Amino acid sequence: MSLSFSQYQEGSPLPPAFYEVPALEAAPRLLGHTLVRRTEDGHIRCRIVETESYGGIEDKGSHAYGGRRTARTEVMFGEGGAAYIYLIYGMYHCLNVVTGAMNDPQAVLIRAVEPLTPDDEALMRKYRNAAAKKPVDLSGGPGKLCRGLRIDKSLNGQSLMELDGPLWIEAGRPLKNETIMQSPRINIAYAEEYAAKPWRFFLRNHPYVPLLDKNMTVFKEFGE
DNA sequence: CTAATGATGCACT
DNA sequence: GTGCATCATTAGC
(Lines give C-alpha, C1' and ligand atoms only; values in the text may rest on other atoms or scores of the structure.)
Protein backbone atom coordinates (compact mmCIF):
# COMPACT_ATOMS: atom_id res chain seq x y z
CA MET A 1 0.00 0.00 0.00
CA SER A 2 1.37 3.36 -0.94
CA LEU A 3 -0.43 5.31 1.76
CA SER A 4 -0.32 4.09 5.34
CA PHE A 5 -3.25 4.50 7.65
CA SER A 6 -1.38 6.93 9.86
CA GLN A 7 0.94 9.17 7.92
CA TYR A 8 -0.99 12.38 8.50
CA GLN A 9 -0.49 14.76 11.35
CA GLU A 10 -3.42 14.66 13.75
CA GLY A 11 -5.69 17.67 13.31
CA SER A 12 -4.51 18.70 9.84
CA PRO A 13 -6.96 18.48 6.93
CA LEU A 14 -6.52 15.38 4.81
CA PRO A 15 -4.67 16.59 1.68
CA PRO A 16 -5.60 16.12 -2.00
CA ALA A 17 -3.33 13.06 -2.25
CA PHE A 18 -5.53 11.22 0.25
CA TYR A 19 -8.47 11.51 -2.15
CA GLU A 20 -6.61 10.69 -5.37
CA VAL A 21 -7.33 6.98 -5.03
CA PRO A 22 -10.25 4.70 -5.87
CA ALA A 23 -13.14 4.72 -3.41
CA LEU A 24 -12.35 1.13 -2.45
CA GLU A 25 -8.98 2.26 -1.08
CA ALA A 26 -10.25 5.44 0.54
CA ALA A 27 -13.24 3.82 2.27
CA PRO A 28 -11.31 1.80 4.90
CA ARG A 29 -8.70 4.54 5.27
CA LEU A 30 -11.31 7.12 6.22
CA LEU A 31 -12.11 5.16 9.37
CA GLY A 32 -10.72 6.91 12.44
CA HIS A 33 -10.42 10.29 10.75
CA THR A 34 -12.38 13.29 11.96
CA LEU A 35 -15.35 14.86 10.23
CA VAL A 36 -15.74 18.50 11.27
CA ARG A 37 -18.83 20.64 10.76
CA ARG A 38 -18.80 24.38 11.39
CA THR A 39 -22.18 25.61 12.65
CA GLU A 40 -23.43 28.87 14.08
CA ASP A 41 -23.30 27.20 17.50
CA GLY A 42 -19.67 26.13 17.11
CA HIS A 43 -17.74 23.24 15.62
CA ILE A 44 -18.86 19.64 15.83
CA ARG A 45 -16.13 17.02 15.61
CA CYS A 46 -16.82 13.34 15.15
CA ARG A 47 -14.92 10.19 14.32
CA ILE A 48 -15.76 8.26 11.17
CA VAL A 49 -16.52 4.65 12.13
CA GLU A 50 -18.41 3.19 9.15
CA THR A 51 -18.11 3.76 5.38
CA GLU A 52 -19.13 2.23 2.06
CA SER A 53 -17.34 2.36 -1.28
CA TYR A 54 -19.22 3.25 -4.45
CA GLY A 55 -16.68 3.13 -7.20
CA GLY A 56 -16.69 3.59 -10.92
CA ILE A 57 -19.13 3.28 -13.79
CA GLU A 58 -19.10 -0.53 -13.57
CA ASP A 59 -20.54 -0.62 -10.02
CA LYS A 60 -24.26 -1.34 -10.34
CA GLY A 61 -24.77 0.00 -6.83
CA SER A 62 -23.44 3.44 -7.73
CA HIS A 63 -25.48 6.44 -8.83
CA ALA A 64 -22.88 6.83 -11.58
CA TYR A 65 -23.30 3.28 -12.89
CA GLY A 66 -22.90 3.12 -16.64
CA GLY A 67 -21.51 6.64 -16.67
CA ARG A 68 -24.81 8.29 -15.65
CA ARG A 69 -23.74 11.92 -15.52
CA THR A 70 -26.64 14.10 -14.42
CA ALA A 71 -27.23 17.18 -12.31
CA ARG A 72 -27.27 14.94 -9.24
CA THR A 73 -24.16 12.88 -9.96
CA GLU A 74 -22.08 15.69 -11.43
CA VAL A 75 -19.80 16.19 -8.41
CA MET A 76 -18.88 12.51 -8.45
CA PHE A 77 -17.22 13.17 -11.80
CA GLY A 78 -15.07 15.95 -10.38
CA GLU A 79 -11.73 15.74 -8.55
CA GLY A 80 -11.54 13.87 -5.27
CA GLY A 81 -11.93 15.78 -2.03
CA ALA A 82 -15.44 17.21 -2.48
CA ALA A 83 -18.70 16.36 -0.73
CA TYR A 84 -21.41 14.55 -2.68
CA ILE A 85 -24.71 14.98 -0.87
CA TYR A 86 -28.11 13.80 -2.03
CA LEU A 87 -31.63 13.47 -0.69
CA ILE A 88 -32.88 9.94 -0.06
CA TYR A 89 -36.44 8.74 0.55
CA GLY A 90 -37.66 12.30 0.35
CA MET A 91 -36.51 13.22 3.83
CA TYR A 92 -32.95 12.26 4.64
CA HIS A 93 -29.59 13.31 3.30
CA CYS A 94 -26.54 11.14 2.71
CA LEU A 95 -22.95 12.42 2.80
CA ASN A 96 -20.34 10.99 0.46
CA VAL A 97 -16.68 11.79 -0.02
CA VAL A 98 -15.67 12.03 -3.68
CA THR A 99 -12.38 10.32 -4.51
CA GLY A 100 -10.40 9.50 -7.64
CA ALA A 101 -9.48 11.58 -10.65
CA MET A 102 -11.54 13.94 -12.76
CA ASN A 103 -14.14 12.06 -14.85
CA ASP A 104 -13.80 8.89 -12.77
CA PRO A 105 -16.88 8.81 -10.51
CA GLN A 106 -15.83 7.38 -7.17
CA ALA A 107 -17.39 8.12 -3.79
CA VAL A 108 -17.37 6.87 -0.21
CA LEU A 109 -20.63 7.00 1.77
CA ILE A 110 -20.15 8.02 5.39
CA ARG A 111 -22.53 5.71 7.27
CA ALA A 112 -21.73 6.30 10.95
CA VAL A 113 -19.80 8.72 13.15
CA GLU A 114 -19.06 9.07 16.84
CA PRO A 115 -19.00 12.50 18.53
CA LEU A 116 -15.55 13.16 19.99
CA THR A 117 -16.61 14.99 23.15
CA PRO A 118 -19.77 15.54 25.22
CA ASP A 119 -19.99 19.04 23.72
CA ASP A 120 -19.98 17.59 20.22
CA GLU A 121 -22.66 15.13 21.27
CA ALA A 122 -24.78 17.88 22.81
CA LEU A 123 -24.84 19.89 19.57
CA MET A 124 -25.69 16.82 17.54
CA ARG A 125 -28.58 16.06 19.89
CA LYS A 126 -29.81 19.60 19.48
CA TYR A 127 -29.95 19.27 15.69
CA ARG A 128 -31.61 15.84 15.75
CA ASN A 129 -35.00 16.56 17.46
CA ALA A 130 -35.08 12.95 18.53
CA ALA A 131 -34.41 11.38 21.87
CA ALA A 132 -31.57 9.07 21.00
CA LYS A 133 -31.28 6.57 23.82
CA LYS A 134 -28.42 4.49 22.48
CA PRO A 135 -25.30 5.78 20.71
CA VAL A 136 -26.34 4.15 17.48
CA ASP A 137 -29.62 6.08 17.54
CA LEU A 138 -27.73 9.38 17.57
CA SER A 139 -25.45 9.04 14.57
CA GLY A 140 -25.25 5.38 13.57
CA GLY A 141 -26.76 5.74 10.10
CA PRO A 142 -26.19 8.05 7.11
CA GLY A 143 -29.44 9.98 7.51
CA LYS A 144 -29.04 10.38 11.25
CA LEU A 145 -25.51 11.73 11.05
CA CYS A 146 -26.44 14.26 8.39
CA ARG A 147 -29.28 15.53 10.52
CA GLY A 148 -27.09 15.67 13.62
CA LEU A 149 -24.42 17.60 11.75
CA ARG A 150 -26.92 19.79 9.94
CA ILE A 151 -25.72 18.60 6.55
CA ASP A 152 -27.98 19.06 3.54
CA LYS A 153 -27.75 19.60 -0.20
CA SER A 154 -26.61 23.20 0.24
CA LEU A 155 -23.16 21.68 0.98
CA ASN A 156 -23.13 19.53 -2.15
CA GLY A 157 -19.87 20.02 -4.06
CA GLN A 158 -18.11 21.73 -1.15
CA SER A 159 -14.42 21.00 -0.69
CA LEU A 160 -13.61 18.83 2.33
CA MET A 161 -10.00 20.00 2.37
CA GLU A 162 -10.42 23.59 3.55
CA LEU A 163 -9.59 24.13 7.20
CA ASP A 164 -12.51 25.98 8.78
CA GLY A 165 -14.74 25.70 5.76
CA PRO A 166 -18.33 24.61 6.45
CA LEU A 167 -17.32 20.94 6.39
CA TRP A 168 -13.95 19.25 6.29
CA ILE A 169 -12.08 16.10 7.29
CA GLU A 170 -8.95 16.20 9.41
CA ALA A 171 -6.52 13.47 10.35
CA GLY A 172 -7.52 11.56 13.45
CA ARG A 173 -5.46 9.58 15.91
CA PRO A 174 -4.07 6.46 14.24
CA LEU A 175 -6.07 3.30 14.93
CA LYS A 176 -4.75 1.29 17.85
CA ASN A 177 -6.02 -2.00 19.23
CA GLU A 178 -8.92 -1.85 16.83
CA THR A 179 -10.07 -3.98 13.93
CA ILE A 180 -11.60 -2.96 10.63
CA MET A 181 -14.32 -5.35 9.47
CA GLN A 182 -15.84 -5.58 6.01
CA SER A 183 -19.22 -6.84 4.83
CA PRO A 184 -21.67 -6.35 1.93
CA ARG A 185 -23.17 -2.87 1.54
CA ILE A 186 -26.57 -2.02 3.02
CA ASN A 187 -29.84 -1.81 1.05
CA ILE A 188 -28.58 -2.18 -2.48
CA ALA A 189 -30.35 -5.38 -3.53
CA TYR A 190 -30.86 -3.84 -6.97
CA ALA A 191 -27.12 -3.94 -7.63
CA GLU A 192 -27.26 -7.60 -8.74
CA GLU A 193 -23.79 -9.17 -8.68
CA TYR A 194 -22.41 -6.04 -7.03
CA ALA A 195 -24.80 -6.32 -4.08
CA ALA A 196 -22.64 -8.97 -2.44
CA LYS A 197 -19.30 -7.21 -2.82
CA PRO A 198 -17.82 -6.63 0.67
CA TRP A 199 -17.43 -2.90 0.22
CA ARG A 200 -18.76 -1.78 3.59
CA PHE A 201 -16.10 -1.06 6.23
CA PHE A 202 -16.52 -0.45 9.95
CA LEU A 203 -14.78 -0.70 13.30
CA ARG A 204 -15.42 -3.96 15.15
CA ASN A 205 -17.63 -3.82 18.26
CA HIS A 206 -18.13 -0.11 17.94
CA PRO A 207 -21.18 1.30 19.79
CA TYR A 208 -22.04 3.70 16.95
CA VAL A 209 -22.12 1.03 14.24
CA PRO A 210 -25.54 -0.59 13.63
CA LEU A 211 -26.50 -3.62 11.57
CA LEU A 212 -23.95 -6.30 12.19
CA ASP A 213 -23.70 -8.67 9.29
CA LYS A 214 -23.06 -12.36 9.58
CA ASN A 215 -21.08 -12.17 6.37
CA MET A 216 -18.56 -9.80 7.91
CA THR A 217 -14.89 -10.67 7.87
CA VAL A 218 -11.75 -9.09 9.24
CA PHE A 219 -10.25 -6.54 6.84
CA LYS A 220 -7.31 -5.31 8.92
CA GLU A 221 -6.19 -5.44 12.53
CA PHE A 222 -4.23 -2.77 14.37
CA GLY A 223 -2.09 -3.53 17.41
CA GLU A 224 -0.28 -1.28 19.85
C1' DC B 1 -43.73 -4.53 9.91
C1' DT B 2 -44.48 -0.13 7.10
C1' DA B 3 -45.66 4.82 6.17
C1' DA B 4 -43.51 9.03 5.35
C1' DT B 5 -42.08 12.18 1.49
C1' DG B 6 -39.98 14.32 -2.73
C1' DA B 7 -36.12 14.38 -6.01
C1' DT B 8 -34.57 11.65 -9.60
C1' DG B 9 -34.17 9.06 -13.88
C1' DC B 10 -36.13 7.03 -17.56
C1' DA B 11 -39.85 5.72 -20.74
C1' DC B 12 -42.80 7.71 -23.63
C1' DT B 13 -45.38 11.41 -26.03
C1' DG C 1 -42.51 18.05 -21.52
C1' DT C 2 -45.43 14.51 -18.54
C1' DG C 3 -46.09 10.32 -15.82
C1' DC C 4 -44.56 7.25 -12.49
C1' DA C 5 -41.72 3.65 -10.18
C1' DT C 6 -37.91 3.80 -7.39
C1' DC C 7 -35.01 4.86 -3.50
C1' DA C 8 -27.02 4.18 -0.62
C1' DT C 9 -33.43 5.62 5.41
C1' DT C 10 -35.68 6.27 9.62
C1' DA C 11 -39.08 6.35 13.38
C1' DG C 12 -42.86 4.49 15.23
C1' DC C 13 -46.04 0.89 15.71
Side-chain angles (χ1 to χ4, degrees), chain A residues 22-28 30-31 35 46 48-78 80 82-100 104-114 124-157 160 167 181-202 207-213 215-216:
Chain A
L24 195 52
E25 284 186 42
L30 276 165
L31 298 175
L35 180 65
C46 50
I48 297 169
V49 297
E50 180 185 1
T51 60
E52 279 178 1
S53 166
Y54 288 86
I57 63 175
E58 71 283 352
D59 179 3
K60 291 182 179 172
S62 172
H63 291 164
Y65 168 63
R68 280 189 305 234
R69 188 165 185 159
T70 64
R72 181 175 67 154
T73 63
E74 184 60 30
V75 306
M76 286 184 78
F77 286 81
Y84 168 45
I85 298 162
Y86 60 88
L87 182 69
I88 188 69
Y89 297 109
M91 53 182 105
Y92 299 103
H93 293 274
C94 285
L95 169 67
N96 296 249
V97 174
V98 177
T99 75
D104 182 10
Q106 306 268 339
V108 177
L109 172 67
I110 307 299
R111 287 197 58 91
V113 300
E114 168 193 16
M124 288 169 65
R125 283 184 181 278
K126 173 180 175 181
Y127 295 144
R128 285 282 320 278
N129 38 18
K133 298 183 188 70
K134 294 172 298 184
V136 69
D137 296 329
L138 179 67
S139 54
K144 289 181 247 186
L145 76 88
C146 280
R147 190 163 283 181
L149 294 174
R150 205 166 250 197
I151 291 168
D152 62 26
K153 278 186 12 174
S154 69
L155 295 173
N156 189 40
L160 296 169
L167 186 66
M181 305 298 290
Q182 62 180 330
S183 75
R185 295 173 292 181
I186 308 296
N187 287 340
I188 54 156
Y190 57 85
E192 302 175 17
E193 73 271 26
Y194 282 84
K197 302 277 187 189
W199 291 348
R200 171 184 179 227
F201 302 90
F202 56 96
Y208 281 80
V209 175
L211 295 174
L212 291 184
D213 195 302
N215 292 317
M216 68 182 178

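As the structure is a computational prediction, the values presented were derived from the model and not from experiment.
Straight-line distance from the CD1 atom of I186(A) to the P atom of dT10(C): 10 Å, rounded to whole Å. If you take CD of Q106(A) and P of dA8(C), they are 18 Å apart, rounded to a whole angstrom. Atom-to-atom, CG of D137(A) to C1' of dA11(C) comes out at 10 Å; the value is rounded to the nearest Å. In this entry the distance linking OH of Y89(A) with P of dG6(B) reads 16 Å, nearest Å. Per the geometry, CG belonging to L87(A) stands 10 Å off C1' belonging to dT9(C), to the nearest Å. One interatomic measurement links the two molecules: OH of Y92(A) to P of dT9(C), which rounds to 11 Å at whole-angstrom precision. Remark: P of dA8(C) and CD of E50(A) are 16 Å apart, rounded to the nearest angstrom.
Between E52(A) and R185(A) no salt bridge is recorded (no basic side-chain N to carboxylate O distance below 4.0 Å).
Put simply, R147(A) has no side-chain N or O that comes within less than 4.0 Å of OP1 or OP2 on dT9(C). The side chain of N187(A) places an N or O atom within less than 4.0 Å of a non-bridging phosphate oxygen (OP1 or OP2) of dT9(C). When the side-chain nitrogen and oxygen atoms of Y190(A) are compared with OP1 and OP2 of dA8(C), one or more of them lie within a distance under 4.0 Å. OP1 or OP2 of dA8(C) has not a single side-chain nitrogen or oxygen of R200(A) nearer than 4.0 Å. At the phosphate of dA8(C), OP1 or OP2 sits under 4.0 Å from a side-chain N or O atom of H63(A).
Put simply, the side chain of F202(A) does not reach to within 4.5 Å of the side chain of Q182(A), judged on heavy atoms. Here the side chains of Y208(A) and V49(A) are in contact, with some heavy-atom distance below 4.5 Å.
If you take atom P in dA3(B) and the same atom in dA5(C), they sit 16 Å apart, rounded to whole Å.
Y86(A) contributes no side-chain N or O that forms a donor-acceptor pair with the base of dA7(B) under 3.5 Å.
In this structure, R185(A) reaches neither bases nor backbone, as no heavy-atom distance under 4.0 Å exists between it and the strands shown. Counting any heavy atom pair closer than 4.0 Å across all strands shown, G61(A) reaches a base atom. In this structure, G90(A) reaches the bases: a heavy-atom distance under 4.0 Å links it to at least one base atom across the strands shown. Across all strands, K153(A) comes closer than 4.0 Å only to sugar-phosphate atoms, never to a base (heavy-atom distances). The residue I88(A) sits close only to the backbone: its heavy atoms come under 4.0 Å of sugar-phosphate atoms, none of a base.
For M91(A), the side-chain atoms get nearest to dT5(B) when compared with the rest of dT10(C), dT9(C), dT5(B).
Inspection of the R200(A) and S183(A) side chains reveals an N or O donor paired with an N or O acceptor under 3.5 Å.
Side chain of K144(A) to backbone of V136(A): a donor-acceptor contact under 3.5 angstrom is found.
Rounding to the nearest 0.5 angstrom, the gap separating the CG atom in L149(A) from the CG atom in L95(A) is 8.5 Å.
Pair assignment for dG6(B) gives dC7(C), based on Watson-Crick or G-U wobble hydrogen-bonding distances that are each under 3.5 Å.
With DNA chain C read from its 5' end, the first of the two nearest nucleotides for R128(A) and E52(A) is the one closest to E52(A).
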